[in-house]
Amino acid sequence: MDMRESITPSFSLPESPNSDTDDSASAALVSSTKALFTLLGGSPTTTDSTVVNGTTKKSSATSKLCSVCADKSTGLHYGASTCEGCKGFFKRSVQNKKVYHCSQDNCCEIDKQNRNRCQSCRFRKCISKGMLTEAVREDRMPGGRNGNSIYSNYKQRRSIIRKTRDYVEEIERRPFQSLPSGKKLIKELVEMDCLDRLINLKGLRINPASASSDIAPACKRLTRIGDEIVEQLVEWTKTLPFFDELPVEAHTHLLTQRWAELVLLSAGYYACSVFTPDSPDTTEMIDETDEISFTNPQVNLRLLQNRLALVLGKEIPFEHVSKEAGTLVHRFTTLLNSFSNLKVSPEAYVCIKAITLLHLSPDSTLDRTIIDKVNTLQDHFVKTLQIHLHQPGEDSQQTTSLAQILEWLPELRNASSVLLHSKMFYVPFLLCKNPRRLVFDE
DNA sequence: CATCAAGGCCAA
DNA sequence: TTGGCCTTGATG
(Lines give C-alpha, C1' and ligand atoms only; values in the text may rest on other atoms or scores of the structure.)
Protein backbone atom coordinates (compact mmCIF):
# COMPACT_ATOMS: atom_id res chain seq x y z
CA MET A 1 0.00 0.00 0.00
CA ASP A 2 2.60 2.47 1.01
CA MET A 3 5.12 1.96 -1.74
CA ARG A 4 7.30 4.52 -0.12
CA GLU A 5 8.19 1.98 2.49
CA SER A 6 10.58 0.18 0.19
CA ILE A 7 12.41 3.27 -0.90
CA THR A 8 11.94 5.15 2.28
CA PRO A 9 15.00 7.15 3.06
CA SER A 10 16.03 6.98 6.65
CA PHE A 11 14.66 10.40 7.43
CA SER A 12 11.15 10.17 6.13
CA LEU A 13 8.23 9.50 8.34
CA PRO A 14 6.87 5.98 8.26
CA GLU A 15 3.22 5.34 8.75
CA SER A 16 1.74 5.44 12.17
CA PRO A 17 2.74 2.80 14.72
CA ASN A 18 0.00 0.25 14.42
CA SER A 19 -2.43 1.23 11.76
CA ASP A 20 -2.20 1.15 8.04
CA THR A 21 -5.70 0.63 6.85
CA ASP A 22 -5.92 4.10 5.44
CA ASP A 23 -3.41 6.49 4.08
CA SER A 24 -5.50 9.49 4.89
CA ALA A 25 -3.62 12.46 6.03
CA SER A 26 -4.44 11.93 9.64
CA ALA A 27 -3.38 8.30 9.70
CA ALA A 28 -0.22 9.19 11.48
CA LEU A 29 -2.33 10.87 14.06
CA VAL A 30 -4.32 7.89 15.14
CA SER A 31 -2.48 7.50 18.36
CA SER A 32 -2.44 11.23 18.84
CA THR A 33 -6.12 11.85 18.44
CA LYS A 34 -6.86 9.12 20.91
CA ALA A 35 -4.51 10.85 23.24
CA LEU A 36 -6.43 14.04 22.64
CA PHE A 37 -9.29 12.74 24.65
CA THR A 38 -7.25 11.99 27.69
CA LEU A 39 -5.13 15.09 27.35
CA LEU A 40 -8.06 17.36 26.80
CA GLY A 41 -9.53 16.21 30.03
CA GLY A 42 -11.50 13.02 29.81
CA SER A 43 -14.30 12.02 27.58
CA PRO A 44 -17.73 13.30 27.29
CA THR A 45 -19.55 16.17 25.83
CA THR A 46 -20.57 19.56 26.94
CA THR A 47 -18.96 21.54 29.65
CA ASP A 48 -22.12 23.31 30.53
CA SER A 49 -22.53 24.03 34.15
CA THR A 50 -26.11 23.49 35.11
CA VAL A 51 -26.25 25.10 38.44
CA VAL A 52 -28.80 23.09 40.35
CA ASN A 53 -30.28 23.73 43.76
CA GLY A 54 -29.12 27.22 44.51
CA THR A 55 -25.36 26.79 44.63
CA THR A 56 -25.06 30.48 44.08
CA LYS A 57 -23.42 31.24 47.34
CA LYS A 58 -20.42 29.36 48.57
CA SER A 59 -21.28 29.28 52.23
CA SER A 60 -19.64 27.01 54.75
CA ALA A 61 -22.61 24.69 54.45
CA THR A 62 -22.25 24.05 50.73
CA SER A 63 -18.53 23.41 51.03
CA LYS A 64 -19.38 20.38 53.15
CA LEU A 65 -21.43 18.98 50.30
CA CYS A 66 -20.09 17.18 47.26
CA SER A 67 -20.20 19.66 44.39
CA VAL A 68 -21.04 16.85 41.97
CA CYS A 69 -23.81 14.90 43.73
CA ALA A 70 -24.46 16.87 46.93
CA ASP A 71 -23.59 13.87 49.10
CA LYS A 72 -21.41 14.55 52.12
CA SER A 73 -18.06 15.96 51.03
CA THR A 74 -14.87 14.55 52.48
CA GLY A 75 -12.65 17.40 51.31
CA LEU A 76 -10.96 18.60 48.17
CA HIS A 77 -10.32 15.93 45.59
CA TYR A 78 -8.62 16.64 42.25
CA GLY A 79 -9.64 20.26 42.48
CA ALA A 80 -13.21 20.11 43.76
CA SER A 81 -14.97 19.40 47.02
CA THR A 82 -16.46 15.94 46.58
CA CYS A 83 -17.62 12.80 48.33
CA GLU A 84 -15.60 9.58 48.42
CA GLY A 85 -17.76 8.12 45.69
CA CYS A 86 -17.20 10.86 43.14
CA LYS A 87 -13.54 10.98 44.09
CA GLY A 88 -13.12 7.26 43.42
CA PHE A 89 -15.24 7.39 40.30
CA PHE A 90 -13.20 10.23 38.85
CA LYS A 91 -9.92 8.54 39.70
CA ARG A 92 -10.91 5.25 38.08
CA SER A 93 -12.27 6.99 35.01
CA VAL A 94 -9.02 8.83 34.43
CA GLN A 95 -6.71 5.97 35.34
CA ASN A 96 -8.49 3.55 33.04
CA LYS A 97 -9.01 6.17 30.33
CA LYS A 98 -12.72 5.48 30.28
CA VAL A 99 -14.87 6.98 27.56
CA TYR A 100 -18.53 6.98 28.51
CA HIS A 101 -21.61 7.61 26.44
CA CYS A 102 -24.90 8.98 27.58
CA SER A 103 -27.92 6.99 26.43
CA GLN A 104 -30.12 10.03 26.94
CA ASP A 105 -29.35 13.55 25.89
CA ASN A 106 -26.26 14.41 27.91
CA CYS A 107 -28.28 16.23 30.49
CA CYS A 108 -28.90 13.68 33.23
CA GLU A 109 -29.32 15.13 36.68
CA ILE A 110 -26.64 13.95 39.05
CA ASP A 111 -27.47 13.63 42.74
CA LYS A 112 -26.80 11.22 45.54
CA GLN A 113 -29.60 8.82 44.58
CA ASN A 114 -29.04 8.55 40.83
CA ARG A 115 -25.36 9.35 40.41
CA ASN A 116 -24.69 5.81 39.17
CA ARG A 117 -27.32 5.92 36.45
CA CYS A 118 -25.18 7.73 33.88
CA GLN A 119 -21.39 7.60 34.04
CA SER A 120 -21.07 9.99 31.14
CA CYS A 121 -23.02 12.77 32.77
CA ARG A 122 -21.42 12.12 36.13
CA PHE A 123 -17.95 12.49 34.65
CA ARG A 124 -18.97 15.56 32.71
CA LYS A 125 -20.25 17.14 35.88
CA CYS A 126 -16.98 16.29 37.64
CA ILE A 127 -15.10 18.21 34.95
CA SER A 128 -17.50 21.13 34.94
CA LYS A 129 -17.14 21.41 38.70
CA GLY A 130 -13.41 21.84 38.32
CA MET A 131 -11.97 18.36 38.81
CA LEU A 132 -8.73 18.07 36.88
CA THR A 133 -7.58 14.94 35.12
CA GLU A 134 -4.03 16.23 35.53
CA ALA A 135 -4.38 15.80 39.28
CA VAL A 136 -4.67 12.02 38.93
CA ARG A 137 -1.11 10.83 39.11
CA GLU A 138 0.26 8.79 36.30
CA ASP A 139 2.87 7.19 38.52
CA ARG A 140 0.26 6.31 41.16
CA MET A 141 2.52 7.59 43.91
CA PRO A 142 0.50 7.96 47.10
CA GLY A 143 0.80 10.64 49.74
CA GLY A 144 1.92 14.21 49.65
CA ARG A 145 0.10 16.93 47.77
CA ASN A 146 0.08 17.94 44.15
CA GLY A 147 2.24 20.90 43.23
CA ASN A 148 0.62 24.25 42.74
CA SER A 149 1.34 24.28 39.03
CA ILE A 150 -1.53 21.98 38.17
CA TYR A 151 -4.13 24.10 39.90
CA SER A 152 -2.64 27.50 39.17
CA ASN A 153 -2.69 26.72 35.47
CA TYR A 154 -6.37 26.02 35.85
CA LYS A 155 -7.00 29.21 37.80
CA GLN A 156 -5.14 31.19 35.17
CA ARG A 157 -7.39 29.67 32.55
CA ARG A 158 -10.52 30.51 34.47
CA SER A 159 -9.48 34.10 34.88
CA ILE A 160 -8.77 34.47 31.20
CA ILE A 161 -12.15 32.98 30.42
CA ARG A 162 -13.81 35.57 32.58
CA LYS A 163 -11.86 38.40 30.99
CA THR A 164 -12.71 37.18 27.52
CA ARG A 165 -16.39 37.19 28.33
CA ASP A 166 -16.17 40.76 29.52
CA TYR A 167 -14.19 41.66 26.47
CA VAL A 168 -16.57 40.08 24.02
CA GLU A 169 -19.47 41.82 25.69
CA GLU A 170 -17.61 45.08 25.42
CA ILE A 171 -16.97 44.56 21.73
CA GLU A 172 -20.62 43.88 21.09
CA ARG A 173 -21.67 46.98 22.95
CA ARG A 174 -19.39 49.40 21.15
CA PRO A 175 -17.75 47.89 18.08
CA PHE A 176 -14.82 49.43 16.24
CA GLN A 177 -13.35 51.53 18.96
CA SER A 178 -10.04 51.22 20.61
CA LEU A 179 -10.47 49.09 23.67
CA PRO A 180 -7.84 49.20 26.37
CA SER A 181 -9.22 46.11 28.07
CA GLY A 182 -9.10 44.35 24.72
CA LYS A 183 -5.49 45.26 24.31
CA LYS A 184 -4.77 43.78 27.69
CA LEU A 185 -6.64 40.62 26.87
CA ILE A 186 -4.80 40.13 23.60
CA LYS A 187 -1.57 40.64 25.46
CA GLU A 188 -2.49 37.81 27.78
CA LEU A 189 -3.37 35.60 24.86
CA VAL A 190 0.02 36.32 23.39
CA GLU A 191 1.67 35.35 26.65
CA MET A 192 -0.24 32.08 26.82
CA ASP A 193 0.70 31.16 23.29
CA CYS A 194 3.90 29.29 24.23
CA LEU A 195 5.25 29.22 20.70
CA ASP A 196 8.62 28.20 22.09
CA ARG A 197 7.27 24.89 23.28
CA LEU A 198 6.19 24.05 19.79
CA ILE A 199 9.39 25.25 18.19
CA ASN A 200 11.75 23.50 20.60
CA LEU A 201 10.43 20.01 19.97
CA LYS A 202 12.18 17.30 21.89
CA GLY A 203 12.07 15.08 18.85
CA LEU A 204 14.49 17.39 17.07
CA ARG A 205 17.03 17.33 19.84
CA ILE A 206 20.58 16.39 18.96
CA ASN A 207 21.92 13.81 21.30
CA PRO A 208 25.48 14.97 21.96
CA ALA A 209 26.65 11.46 22.83
CA SER A 210 25.24 9.97 19.69
CA ALA A 211 27.55 8.78 17.03
CA SER A 212 26.22 7.32 13.84
CA SER A 213 25.40 4.18 15.78
CA ASP A 214 22.58 6.04 17.46
CA ILE A 215 20.64 6.82 14.35
CA ALA A 216 17.78 4.56 15.23
CA PRO A 217 16.53 6.59 18.19
CA ALA A 218 16.81 9.82 16.24
CA CYS A 219 14.77 8.27 13.48
CA LYS A 220 12.23 7.04 15.92
CA ARG A 221 11.90 10.50 17.40
CA LEU A 222 11.16 11.88 13.97
CA THR A 223 8.41 9.35 13.45
CA ARG A 224 6.86 10.30 16.78
CA ILE A 225 7.02 13.99 16.14
CA GLY A 226 3.42 14.13 14.97
CA ASP A 227 2.39 12.99 18.42
CA GLU A 228 4.60 15.54 20.09
CA ILE A 229 3.25 18.35 17.97
CA VAL A 230 -0.33 17.40 18.71
CA GLU A 231 0.50 17.17 22.38
CA GLN A 232 1.79 20.73 22.35
CA LEU A 233 -1.23 21.93 20.41
CA VAL A 234 -3.50 20.25 22.93
CA GLU A 235 -1.77 22.11 25.73
CA TRP A 236 -2.23 25.31 23.81
CA THR A 237 -5.91 24.56 23.26
CA LYS A 238 -6.43 24.09 26.96
CA THR A 239 -5.24 27.62 27.65
CA LEU A 240 -7.62 29.16 25.15
CA PRO A 241 -10.22 31.46 26.61
CA PHE A 242 -13.01 29.56 24.96
CA PHE A 243 -11.81 26.13 26.01
CA ASP A 244 -14.68 25.64 28.42
CA GLU A 245 -17.19 27.04 25.97
CA LEU A 246 -16.98 24.02 23.70
CA PRO A 247 -17.33 20.31 24.43
CA VAL A 248 -14.18 18.24 24.30
CA GLU A 249 -15.44 16.51 21.17
CA ALA A 250 -15.53 19.80 19.37
CA HIS A 251 -11.97 20.60 20.37
CA THR A 252 -10.84 17.19 19.24
CA HIS A 253 -12.69 17.62 15.98
CA LEU A 254 -11.23 21.06 15.30
CA LEU A 255 -7.71 20.11 16.24
CA THR A 256 -7.80 16.95 14.18
CA GLN A 257 -8.81 18.97 11.14
CA ARG A 258 -6.64 22.01 11.64
CA TRP A 259 -3.44 20.97 13.32
CA ALA A 260 -1.35 20.98 10.17
CA GLU A 261 -2.43 24.53 9.40
CA LEU A 262 -1.54 25.54 12.93
CA VAL A 263 1.87 23.94 12.48
CA LEU A 264 2.58 25.90 9.32
CA LEU A 265 1.21 29.12 10.74
CA SER A 266 3.27 28.80 13.91
CA ALA A 267 6.46 27.90 12.11
CA GLY A 268 5.86 30.65 9.60
CA TYR A 269 5.26 33.26 12.23
CA TYR A 270 8.34 32.13 14.11
CA ALA A 271 10.46 32.38 10.99
CA CYS A 272 9.14 35.86 10.24
CA SER A 273 9.69 37.08 13.77
CA VAL A 274 13.20 35.70 14.13
CA PHE A 275 14.60 36.37 10.70
CA THR A 276 13.81 39.98 10.09
CA PRO A 277 12.85 40.54 6.47
CA ASP A 278 15.99 40.16 4.40
CA SER A 279 18.49 41.75 6.74
CA PRO A 280 22.03 41.34 5.44
CA ASP A 281 23.63 41.98 8.84
CA THR A 282 23.36 38.46 10.16
CA THR A 283 26.11 38.67 12.69
CA GLU A 284 25.68 35.45 14.59
CA MET A 285 25.37 32.94 11.84
CA ILE A 286 26.72 29.48 12.43
CA ASP A 287 27.11 28.42 8.86
CA GLU A 288 26.90 30.57 5.82
CA THR A 289 23.71 28.69 5.01
CA ASP A 290 22.13 28.91 8.41
CA GLU A 291 19.27 31.15 7.53
CA ILE A 292 15.99 30.17 6.02
CA SER A 293 15.16 31.77 2.72
CA PHE A 294 11.79 33.36 2.10
CA THR A 295 12.17 33.09 -1.62
CA ASN A 296 14.52 30.31 -2.64
CA PRO A 297 13.41 26.71 -2.07
CA GLN A 298 16.82 25.40 -3.13
CA VAL A 299 18.46 27.22 -0.24
CA ASN A 300 15.92 25.72 2.11
CA LEU A 301 16.44 22.23 0.75
CA ARG A 302 20.15 22.57 1.47
CA LEU A 303 19.28 23.83 4.91
CA LEU A 304 17.03 20.86 5.48
CA GLN A 305 19.74 18.50 4.27
CA ASN A 306 22.27 19.96 6.70
CA ARG A 307 19.96 19.94 9.67
CA LEU A 308 18.73 16.43 9.01
CA ALA A 309 22.34 15.37 9.01
CA LEU A 310 22.73 17.04 12.37
CA VAL A 311 19.71 15.40 13.92
CA LEU A 312 20.35 11.97 12.45
CA GLY A 313 24.09 12.11 12.78
CA LYS A 314 24.46 10.98 9.22
CA GLU A 315 24.76 12.60 5.81
CA ILE A 316 21.76 12.44 3.51
CA PRO A 317 22.24 12.70 -0.25
CA PHE A 318 20.77 15.88 -1.65
CA GLU A 319 18.75 14.08 -4.33
CA HIS A 320 17.14 12.09 -1.59
CA VAL A 321 16.07 15.14 0.36
CA SER A 322 14.95 16.83 -2.79
CA LYS A 323 12.93 13.90 -3.97
CA GLU A 324 11.18 13.29 -0.69
CA ALA A 325 10.71 16.80 0.62
CA GLY A 326 11.05 18.94 -2.49
CA THR A 327 7.36 19.64 -2.98
CA LEU A 328 6.84 20.39 0.66
CA VAL A 329 9.81 22.71 0.95
CA HIS A 330 8.76 24.49 -2.19
CA ARG A 331 5.30 25.03 -0.87
CA PHE A 332 6.48 26.11 2.55
CA THR A 333 8.85 28.66 1.04
CA THR A 334 6.08 30.17 -1.06
CA LEU A 335 3.86 30.31 1.96
CA LEU A 336 6.56 32.01 4.01
CA ASN A 337 6.99 34.60 1.33
CA SER A 338 3.35 35.55 1.18
CA PHE A 339 3.03 35.41 4.95
CA SER A 340 5.97 37.70 5.52
CA ASN A 341 4.34 40.25 3.24
CA LEU A 342 1.47 40.48 5.69
CA LYS A 343 3.84 41.75 8.39
CA VAL A 344 1.82 40.15 11.11
CA SER A 345 2.17 41.37 14.68
CA PRO A 346 2.16 38.97 17.63
CA GLU A 347 -1.33 40.15 18.48
CA ALA A 348 -2.61 39.52 14.99
CA TYR A 349 -0.86 36.16 14.97
CA VAL A 350 -2.76 34.83 17.99
CA CYS A 351 -5.99 35.99 16.43
CA ILE A 352 -5.20 34.27 13.14
CA LYS A 353 -4.31 31.13 15.03
CA ALA A 354 -7.67 31.12 16.78
CA ILE A 355 -9.50 31.89 13.55
CA THR A 356 -7.71 29.00 11.88
CA LEU A 357 -8.56 26.56 14.64
CA LEU A 358 -12.18 27.66 14.61
CA HIS A 359 -12.60 27.08 10.90
CA LEU A 360 -15.19 24.38 10.35
CA SER A 361 -15.49 22.53 7.09
CA PRO A 362 -18.95 22.66 5.57
CA ASP A 363 -19.36 18.91 5.99
CA SER A 364 -18.70 18.96 9.68
CA THR A 365 -20.40 16.21 11.64
CA LEU A 366 -20.78 18.24 14.78
CA ASP A 367 -24.03 19.17 16.42
CA ARG A 368 -25.90 22.11 14.91
CA THR A 369 -25.71 24.09 18.14
CA ILE A 370 -21.99 23.44 18.44
CA ILE A 371 -21.42 24.51 14.86
CA ASP A 372 -23.20 27.78 15.57
CA LYS A 373 -21.12 28.30 18.66
CA VAL A 374 -17.85 27.66 16.83
CA ASN A 375 -18.84 30.09 14.11
CA THR A 376 -19.79 32.74 16.63
CA LEU A 377 -16.47 32.33 18.36
CA GLN A 378 -14.64 32.61 15.07
CA ASP A 379 -16.55 35.80 14.32
CA HIS A 380 -15.42 37.21 17.62
CA PHE A 381 -11.81 36.65 16.79
CA VAL A 382 -12.22 38.14 13.34
CA LYS A 383 -13.71 41.22 14.97
CA THR A 384 -10.92 41.32 17.50
CA LEU A 385 -8.38 41.06 14.72
CA GLN A 386 -10.01 43.86 12.82
CA ILE A 387 -10.06 46.09 15.86
CA HIS A 388 -6.40 45.37 16.40
CA LEU A 389 -5.53 46.16 12.80
CA HIS A 390 -7.31 49.46 13.03
CA GLN A 391 -5.25 50.57 15.97
CA PRO A 392 -2.30 52.75 15.09
CA GLY A 393 0.81 50.59 15.22
CA GLU A 394 3.63 51.87 17.36
CA ASP A 395 6.54 50.74 15.23
CA SER A 396 5.90 50.13 11.59
CA GLN A 397 2.78 51.30 9.84
CA GLN A 398 0.09 48.66 9.80
CA THR A 399 -0.74 48.52 6.16
CA THR A 400 -2.23 45.06 6.18
CA SER A 401 -5.97 44.86 5.91
CA LEU A 402 -8.22 42.22 7.35
CA ALA A 403 -9.14 41.18 3.85
CA GLN A 404 -5.52 40.48 2.94
CA ILE A 405 -5.14 38.22 5.93
CA LEU A 406 -8.36 36.38 5.30
CA GLU A 407 -7.40 35.90 1.67
CA TRP A 408 -4.16 34.34 2.77
CA LEU A 409 -5.88 31.62 4.81
CA PRO A 410 -6.80 29.39 1.86
CA GLU A 411 -3.15 29.34 0.87
CA LEU A 412 -2.33 28.12 4.35
CA ARG A 413 -4.98 25.45 4.01
CA ASN A 414 -3.64 24.25 0.69
CA ALA A 415 -0.12 24.08 1.99
CA SER A 416 -1.28 22.08 4.98
CA SER A 417 -2.54 19.30 2.75
CA VAL A 418 0.90 19.07 1.21
CA LEU A 419 2.36 18.76 4.68
CA LEU A 420 -0.13 16.06 5.60
CA HIS A 421 0.59 14.06 2.48
CA SER A 422 4.31 14.27 2.94
CA LYS A 423 3.95 13.07 6.53
CA MET A 424 7.19 14.85 7.32
CA PHE A 425 5.68 17.04 9.96
CA TYR A 426 9.02 18.12 11.33
CA VAL A 427 10.16 19.86 8.16
CA PRO A 428 8.74 23.32 8.93
CA PHE A 429 10.29 23.31 12.37
CA LEU A 430 13.62 22.00 11.21
CA LEU A 431 13.73 24.75 8.62
CA CYS A 432 12.96 27.61 10.93
CA LYS A 433 15.10 26.60 13.90
CA ASN A 434 18.60 25.24 13.90
CA PRO A 435 18.53 22.09 16.05
CA ARG A 436 21.81 23.22 17.58
CA ARG A 437 20.00 26.14 19.07
CA LEU A 438 17.07 24.30 20.54
CA VAL A 439 16.34 25.37 24.08
CA PHE A 440 14.80 23.21 26.73
CA ASP A 441 13.80 24.25 30.18
CA GLU A 442 13.86 20.83 31.78
C1' DC B 1 3.30 16.19 64.67
C1' DA B 2 -1.32 17.19 62.64
C1' DT B 3 -3.32 17.95 58.26
C1' DC B 4 -4.43 17.29 53.64
C1' DA B 5 -4.95 14.99 49.46
C1' DA B 6 -3.07 11.46 46.86
C1' DG B 7 -3.48 6.01 46.16
C1' DG B 8 -5.00 1.25 47.57
C1' DC B 9 -8.09 -2.33 49.36
C1' DC B 10 -12.06 -5.09 49.23
C1' DA B 11 -16.99 -6.26 50.73
C1' DA B 12 -21.12 -5.44 48.65
C1' DT C 1 -18.04 -0.98 39.57
C1' DT C 2 -18.84 1.38 43.71
C1' DG C 3 -17.59 3.75 47.86
C1' DG C 4 -16.24 3.57 52.83
C1' DC C 5 -12.11 3.14 55.17
C1' DC C 6 -7.17 2.77 55.35
C1' DT C 7 -2.23 3.94 54.20
C1' DT C 8 1.10 7.30 52.47
C1' DG C 9 4.04 11.10 52.47
C1' DA C 10 4.83 16.12 51.57
C1' DT C 11 3.67 20.44 53.83
C1' DG C 12 3.18 23.89 57.46
Side-chain angles (χ1 to χ4, degrees), chain A residues 34-55 57-161 231 234-235 238-239 243-244 247-249 252 441-442:
Chain A
K34 269 185 191 156
L36 274 182
F37 261 107
T38 37
L39 291 170
L40 275 168
S43 49
T45 47
T46 40
T47 50
D48 82 321
S49 47
T50 22
V51 182
V52 212
N53 48 341
T55 21
K57 48 192 168 185
K58 230 180 190 168
S59 66
S60 52
T62 50
S63 70
K64 288 196 166 77
L65 294 181
C66 171
S67 56
V68 177
C69 71
D71 194 358
K72 190 188 154 203
S73 164
T74 59
L76 284 176
H77 303 294
Y78 311 106
S81 170
T82 72
C83 64
E84 282 297 305
C86 291
K87 167 195 157 191
F89 168 76
F90 187 77
K91 183 188 70 176
R92 288 191 299 272
S93 301
V94 176
Q95 283 178 335
N96 303 326
K97 302 193 194 326
K98 285 294 173 63
V99 176
Y100 305 119
H101 289 289
C102 177
S103 57
Q104 304 292 301
D105 207 21
N106 286 312
C107 54
C108 308
E109 293 282 318
I110 302 296
D111 58 32
K112 188 183 173 183
Q113 349 296 336
N114 63 16
R115 66 189 176 202
N116 287 321
R117 301 239 282 237
C118 178
Q119 294 175 309
S120 174
C121 289
R122 189 183 189 183
F123 190 82
R124 188 161 43 80
K125 194 161 178 195
C126 287
I127 297 285
S128 79
K129 290 298 175 182
M131 297 180 84
L132 297 180
T133 57
E134 297 94 314
V136 177
R137 295 170 188 167
E138 210 142 0
D139 58 7
R140 301 198 163 206
M141 176 81 82
R145 280 169 229 176
N146 276 333
N148 260 358
S149 55
I150 284 179
Y151 297 105
S152 65
N153 193 333
Y154 176 75
K155 278 178 193 152
Q156 194 176 6
R157 219 172 72 207
R158 300 299 301 196
S159 99
I160 291 186
I161 288 163
E231 211 175 291
V234 165
E235 290 308 311
K238 285 179 177 176
T239 68
F243 179 78
D244 282 2
V248 173
E249 291 160 352
T252 308
D441 30 61
E442 291 154 271

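By convention in this document, chain letters (A, B, ...) are assigned in the order of the sequence lines, proteins followed by strands, and residues within each chain are numbered from 1.
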List, with names and distances, any nitrogen or oxygen atoms from the protein found under 3.5 Å away from nitrogen or oxygen atoms belonging to nucleotides 10-12 of chain B.
none

Could you state the [atom1]-[atom2] distance from [X] to [N], rounded to the nearest angstrom?
X: A:Ile150; N: B:dC4; atom1: CD1; atom2: P; answer: 20 Å
X: A:Phe90; N: B:dG7; atom1: CZ; atom2: C1'; answer: 15 Å
X: A:Leu76; N: B:dA5; atom1: CG; atom2: C1'; answer: 8 Å
X: A:Asp71; N: C:dG4; atom1: CG; atom2: C1'; answer: 11 Å
X: A:Met141; N: C:dA10; atom1: CE; atom2: P; answer: 7 Å
X: A:Lys112; N: C:dG4; atom1: NZ; atom2: C1'; answer: 12 Å
X: A:Asn146; N: C:dT8; atom1: CG; atom2: P; answer: 19 Å
X: A:Asn96; N: C:dT2; atom1: CG; atom2: C1'; answer: 13 Å

Q: Could you work out which one of C:dG3, C:dT1, B:dG8 sits closest to the side chain of A:Gln119?
A: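 Closest of the options to the side chain of A:Gln119: C:dT1.
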Q. Where the side chain of A:Arg145 is defined as all heavy atoms beyond and including C-beta, which of C:dT2, B:dC4, B:dG8 is the nearest nucleotide?
A.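 The closest nucleotide is B:dC4.
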By side chain to side chain contact (heavy atoms under 4.5 Å, CB included), which residues pair with [X], not counting sequence neighbours?
X: A:Lys72; value: none
X: A:Arg137; value: A:Asp139, A:Asn146
X: A:Arg92; value: A:Phe89, A:Asn96
X: A:Glu138; value: none

Q.
Please enumerate all residues that pass side-chain hydrogen bond (donor to acceptor under 3.5 Å, both in side chains) together with A:Ser93, with sequence neighbours excluded.
A. A:Tyr100
Q) Does the C:dG3 base have a donor-acceptor partner in the side chain of A:Arg115 within less than 3.5 Å? A) no
Q: Answer with yes or no whether A:Lys91 presents, from its side chain, a donor or acceptor under 3.5 Å of a partner atom in the base of B:dG8.
A: yes
Every protein N/O within reach of nucleotides 5-7 of chain C N/O, cut-off under 3.5 Å:
residue : atom : partner : partner atom : Å
C:dC5   : N4   : A:Glu84 : OE1          : 2.6

Quick one: is [X] getting a side-chain N or O under 4.0 Å of the [N] phosphate, OP1 or OP2?
X: A:Tyr78; N: B:dG7; result: yes
X: A:Asn116; N: C:dG3; result: yes
X: A:Arg137; N: C:dA10; result: no
X: A:Arg140; N: B:dG8; result: yes

Q. How would you label the contact of A:Glu138 with the nucleic acid (heavy atoms, under 4.0 Å): base, sugar-phosphate, or nothing?
A. nothing
Q: Report the residues that fulfil ring pair (Phe, Tyr, Trp, His ring centres under 6.0 Å) with A:Phe90, sequence neighbours left out, ordered by chain and then residue number.
A: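 Here the qualifying residues are A:Tyr78, A:Phe123.
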Q: Tell me, please, which residues at least two apart from A:Arg122 pass salt bridge (Lys or Arg N to Asp or Glu O under 4.0 Å).
A: none
(Q) Using the rule given for salt bridge (Lys or Arg N to Asp or Glu O under 4.0 Å), can you reason through A:Lys238 versus A:Glu134, listing the C-alpha separation, both sets of side-chain angles and the distance that settles it, and then say yes or no? (A) CA-CA 12 Å; A:Lys238 285 179 177 176; A:Glu134 297 94 314; 3.6 Å; yes
Q: Verify whether one side chain among A:Ser81 and A:Ser73 offers a donor that lies under 3.5 Å from an acceptor in the other.
A: yes
Q) In Å, rounded to the nearest 0.5 Å, how long is the span from CG of A:Leu132 to CD1 of A:Ile127? A) 7.5 Å
